[in-house]
Amino acid sequence: MTHFELLSKENIPAIVNHMVDFYAIDGYPINKELTTDLFHQFIEKPHLGKCFALKLNNEICGYTILIQFFSFEMSGNILLLDELYISDKFRGQGIGKAAMSFIKQYALENDFKKIVLEVEPHNSKAIQLYEKEQFKKHKRDLMLFP
């Protein structure tokens, strides 16, 4: 059974290693030292959001990062599903579905009005999961500065 554990300082190295694997899929750069420092900052500021280690049989098999923000347009507190990653060797075992149930329950219990996420257009497995979980594509495009 999948278990979701709030990130502790002891688990940061394992999560960073998973993040390296996740970012490699799309060739995103990642600096392990900087990312480790960012995780330490993040867990010291719980008002920003939460990171949960996904565990199966006591082994970390992935992680999710949930970011909190407020939107007038979306009627209040919003949860950004910033990252959800499941290691290759654990895929196909229902962990993604369990993670989505956990995230939706977390949002409900913490009075978030909506859950927002972004997904790479080529990631058909993730898109399929999100659509099964009733997520809909938004008409807007994501833009970044700088």
Side-chain angles (χ1 to χ4, degrees), residues 1-8 10-32 34-36 38-39 41-43 45-145:
M1 184 165 133
T2 308
H3 174 71
F4 303 89
E5 185 178 291
L6 189 61
L7 183 63
S8 64
E10 296 77 31
N11 286 335
I12 289 174
I15 298 301
V16 170
N17 287 335
H18 279 292
M19 190 177 272
V20 167
D21 293 341
F22 185 31
Y23 284 28
I25 294 169
D26 291 303
Y28 292 144
I30 186 167
N31 176 313
K32 286 177 78 170
L34 174 60
T35 301
T36 298
L38 290 173
F39 268 117
Q41 291 176 43
F42 185 67
I43 63 176
K45 297 176 183 173
H47 65 280
L48 297 176
K50 306 278 187 277
C51 177
F52 293 92
L54 282 59
K55 289 187 159 187
L56 184 65
N57 301 325
N58 248 0
E59 183 178 352
I60 296 176
C61 58
Y63 69 95
T64 189
I65 299 174
L66 307 174
I67 304 296
Q68 303 167 186
F69 69 96
F70 190 92
S71 169
F72 284 89
E73 180 182 343
M74 294 184 193
S75 303
N77 292 321
I78 306 303
L79 188 65
L80 170 64
L81 171 48
D82 191 41
E83 296 190 10
L84 173 59
Y85 175 74
I86 300 159
S87 177
D88 282 345
K89 75 177 192 173
F90 292 98
R91 292 188 190 150
Q93 299 182 44
I95 297 168
K97 184 175 173 67
M100 292 310 302
S101 292
F102 172 81
I103 292 163
K104 287 168 137 180
Q105 187 63 38
Y106 177 86
L108 184 66
E109 290 172 1
N110 291 280
D111 197 34
F112 289 102
K113 305 302 180 197
K114 295 197 182 298
I115 303 171
V116 176
L117 61 83
E118 64 175 320
V119 61
E120 294 290 342
H122 67 81
N123 194 345
S124 58
K125 294 276 188 191
I127 292 169
Q128 202 172 43
L129 171 67
Y130 299 141
E131 287 176 342
K132 282 182 183 176
E133 294 295 325
Q134 307 303 308
F135 283 81
K136 307 278 187 242
K137 290 186 181 184
H138 196 279
K139 62 184 175 184
R140 294 197 177 130
D141 288 330
L142 179 66
M143 298 177 76
L144 300 174
F145 172 83

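Nothing fancy with the numbering, it's 1 onward along the sequence. In this text, all values refer to a predicted model and were calculated from it rather than measured experimentally. Only this structure's heavy atoms are used, side chains among them; waters, hydrogens and symmetry mates stay out.
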query = Does R91 offer a backbone N or O that forms a donor-acceptor pair with the side chain of K125 under 3.5 Å?
reply =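 Looks like no, no N/O pair under 3.5 Å.
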key: Any donor-acceptor N/O pair, S71 side chain to G76 backbone, under 3.5 Å   =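 The answer is no, because no donor-acceptor pair under 3.5 Å joins these two groups.
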Does the side chain of [Y] come within less than 4.5 Å of [X]'s, by heavy atoms?
{"X": "P46", "Y": "K50", "answer": "yes"}
{"X": "V116", "Y": "M74", "answer": "yes"}
{"X": "L81", "Y": "L66", "answer": "yes"}
{"X": "I78", "Y": "K113", "answer": "yes"}
{"X": "N123", "Y": "I25", "answer": "no"}
{"X": "M19", "Y": "E83", "answer": "yes"}

Heavy atoms only: give me the nearest [X]-[Y] pair and the separation to one decimal.
{"X": "K32", "Y": "V20", "answer": "CG-CG2, 3.6 Å"}
{"X": "F22", "Y": "L84", "answer": "CZ-O, 3.9 Å"}
{"X": "P121", "Y": "I127", "answer": "O-CD1, 3.6 Å"}
{"X": "L79", "Y": "Q68", "answer": "CD1-CG, 4.4 Å"}
{"X": "P29", "Y": "Y23", "answer": "O-CD2, 3.7 Å"}

key: More than 12 heavy atoms of other groups within 6.0 Å of D26 CG   =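 Yes, enclosed.
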inquiry  = Whether D141 and K139 form a salt bridge (side-chain N of Lys/Arg under 4.0 Å from carboxylate O of Asp/Glu) is what I want to check.
reply    =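 Between D141 and K139 there is no salt bridge, as every charged N stays at least 4.0 Å from the carboxylate O atoms.
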ask   = Any chance the rings of Y106 and F4 have centres within less than 6.0 Å?
value =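 No, too far apart.
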inquiry  = Which label fits H18 and Y63: parallel for a plane angle under 30°, tilted from 30 to 60°, or perpendicular past 60°?
reply    =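 Tilted, since the angle between the ring planes falls between 30° and 60°.
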If I take atom [atom1] from residue [X] and atom [atom2] from residue [Y], how far apart are they, to the nearest 0.5 angstrom?
{"X": "T2", "Y": "N57", "atom1": "OG1", "atom2": "CG", "value": "9.0 Å"}
{"X": "D21", "Y": "I86", "atom1": "CG", "atom2": "CD1", "value": "13.5 Å"}
{"X": "I67", "Y": "C51", "atom1": "CD1", "atom2": "SG", "value": "9.0 Å"}
{"X": "F135", "Y": "L129", "atom1": "CZ", "atom2": "CG", "value": "8.5 Å"}
{"X": "E120", "Y": "Y28", "atom1": "CD", "atom2": "OH", "value": "3.0 Å"}
{"X": "I95", "Y": "H3", "atom1": "CD1", "atom2": "NE2", "value": "13.5 Å"}

task = Evaluate the criterion side chain to side chain contact (heavy atoms under 4.5 Å, CB included) for residue pair F39 and I65; output intermediate values, then yes/no.
result = CA-CA 10 Å; F39 268 117; I65 299 174; 4.0 Å; yes
query = Just checking, is any N or O donor in the side chain of S8 or E10 under 3.5 Å from an acceptor N or O on the other one?
reply =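 S8 vs E10: donor-acceptor pair found between side chains.
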